[in-house]
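Down below is the structure, laid out as structure tokens.
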Amino acid sequence: MTTLASGTDTLTRDALTVLQPGFPGTTAPDWLLRRLGEGLASVGLFGRNIASPDQLSSLTAQLRSERDDVLVAIDEEGGDVTRLEARTGSSFPGNHALGAVDDVNLTREVAHELGRRLAECGVNLNWAPSADVNSNPSNPVIGVRSFGADPELVARHTAAYVTGLQSAGVAACTKHFPGHGDTAVDSHHALPRIDADSPVLERRELLPFRAAIAAGSRAVMSAHILVPTLDPDRPATLSLSILTDLLRGRLGYDGLIVTDGMEMQAIAATYGIERGSVLAIAAGADAICVGGGLADDETVRRLRDALVGAVRSGELPEERLAEAAERVRGLAQWTASGAAAASEAEADARTGSASAGSVTRVDIGLVAARRALTVTGADDFTPLTEPPYVALLTPVANIAVGDETPWGVAAELAHRLPGTETAGFAGEDAGGAVLKAAGTRRIVVVVRDEHRHPWMAATLDTLLAARPDTVVVEMGVPQAPPRGALHIATHGAARVCGHAAAEVIAGT
């Protein structure tokens, strides 16, 4: 087992144990390895840390050479939010596509294969799935990350995802408790507020989390949202009423509670990350996620010292911090045993015979993406045989999704129809600019949440008035009425969603 550095007292070790920091680069910096020796028990991975599966495997091996029971966490939802394939786009459709299919066995298979790939690279904790019910179509941060707007649908797919992921030996972290779906504000930028009453919260927000707990979700992530019905003063991440009384008490959850990123403005701009971290642990959280934006040793030191100082001043009970640290260690022990069990199951599966027509590991994501398509106008549509002009109407990406991951259908169409050209457009003059750039070529316009962006809807008006044969691909939440010579709703912008749409457009 790991040998901790001598001279590190129990209090300091516990303070480090509850942190889940990020770091820059594709190899572990010296300061991170040193902190692992002093008691740090978890690290968080983001797109900046991953260049390839082989590199990721080397990185996790480097971490485990310093601490063999380290929790290596990642924000890998599949679909629009991918870190494993941030440079190419995900091989798996996201939650909204899976919810559109509404086949819990498919959701379980997709989650298992995603978990298998993570485990193969040494990742053992995934900050997923999102159990948020996307009841507000204008939600700027959840959208296609949700299985849908129906609480019962979200509940059954959340449970299936948890089961599939954990069957691969990777701990699920169901988020964002008590539910981020009915917000009109992105908590990366400000503090959202949900004013629903208790009966609504019970039958809508809480239903998927009950399902996740029943399915054995090893971790739950808190949301930086204010829910006055539950706590009029503090956001969920800092609320004793929400984390301890509700989640632990009424819902009976006994696994790890992880905070959402503490550098998000909903916390950082109102409490600060040090004060916020102390309040979160005091409220019942067990692990502090930080590192999406702040990823350095100074951040780790600041949070460690804030927790130690709060215990010494009497503000934070030492036994609460010790309990939190013990839950982190307990999850680390589960991942070790879970990985071993998953490895045995994989070996058994390889020696057994595959059932007729079973889906291979390689194409399960594409199969799901194809099944998720909603196509309008196909009966009168003749597949394209000449290279089109693909206009990508690009909204500002939310921070969770990021702007580094490619999306759309242009690359996939170019494989089928060489000579396909593409460009991105935005703003009130986008329609005229697309028409000018396309010339006489057939237009394929790709949108993302047309219903949330008036300029996007106006652009489609312009294009369809001038070119009624325009093909429209909606890669967000399909709320606007379908229009165009062919309309394809993919229910997400993952690479495989673009692949599936291109097959319909090109007839291949």
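As the structure is a computational prediction, the values presented were derived from the model and not from experiment.
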Subject >> For F209, ring pair (Phe, Tyr, Trp, His ring centres under 6.0 Å) partners two or more places apart >> reply: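 Once residues adjacent in sequence are excluded, the partners of F209 under the ring pair (Phe, Tyr, Trp, His ring centres under 6.0 Å) criterion are F177.
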
Between [Y] and [X], does any NZ, NE, NH1 or NH2 come within less than 4.0 Å of an OD or OE carboxylate oxygen?
| X | Y | value |
| --- | --- | --- |
| E120 | R117 | no |
| R67 | E38 | no |
| R329 | D14 | yes |
| R320 | D286 | yes |
| D305 | R301 | yes |
| K175 | D260 | no |
| E152 | R156 | no |
| D75 | R145 | no |

Original post:
Can you check whether R234's main-chain N or O pairs, donor with acceptor, with D231's side chain at less than 3.5 Å?
Top reply: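 Answer holds: yes.
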
Subject >> Side-chain (T60) to main-chain (V123) donor-acceptor, under 3.5 angstrom >> reply: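 Not at all, since once roles are kept as given, no pair shorter than 3.5 Å links the two residues.
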
To check you understand the geometry: which heavy-atom pair defines the closest contact between [X] and [Y], and what is its length?
| X | Y | value |
| --- | --- | --- |
| P24 | P29 | O-CD, 4.3 Å |
| G143 | N134 | N-OD1, 3.2 Å |
| A28 | F23 | CA-CE1, 4.3 Å |
| Y271 | P235 | OH-CD, 3.6 Å |
| W407 | P395 | CZ2-CD, 4.3 Å |
| E202 | R250 | OE1-NH1, 3.0 Å |

When rounded to the nearest 0.5 angstrom, what is the spacing between [atom1] in [X] and [atom2] in [Y]?
| X | Y | atom1 | atom2 | answer |
| --- | --- | --- | --- | --- |
| L247 | I213 | CG | CD1 | 5.5 Å |
| L201 | L246 | CG | CG | 9.0 Å |
| E298 | L303 | CD | CG | 10.0 Å |
| Q20 | C173 | CD | SG | 7.5 Å |
| C121 | R116 | SG | CZ | 9.5 Å |
| L321 | L307 | CG | CG | 6.0 Å |

Heavy atoms, side chains only, cut-off 4.5 Å: are [X] and [Y] in contact?
| X | Y | value |
| --- | --- | --- |
| L56 | T26 | no |
| T174 | P129 | yes |
| P178 | I225 | yes |

**OP:** Tell me, yes or no, whether the heavy-atom count around N105 atom CG, taken from other residues, nucleotides or ligands under 6.0 Å, exceeds 12.
**Re:**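 Yes, the 6.0 Å shell around CG holds more than 12 heavy atoms from other groups.
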
Between [Y] and [X], is there a side-chain donor-acceptor contact under 3.5 Å, judged purely by atom types and distance?
| X | Y | result |
| --- | --- | --- |
| D54 | S52 | no |
| T10 | R13 | yes |
| E76 | T82 | yes |
| S146 | N95 | no |
| E85 | S91 | yes |

Subject >> With A73 via side chain to side chain contact (heavy atoms under 4.5 Å, CB included) - residues at least two apart >> reply: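 Residues passing side chain to side chain contact (heavy atoms under 4.5 Å, CB included) with A73: L125, W127.
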
Subject >> For R448, the option from D80, T394, T490 that meets side-chain hydrogen bond (donor to acceptor under 3.5 Å, both in side chains) >> reply: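 It is D80; the other options fail the test.
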
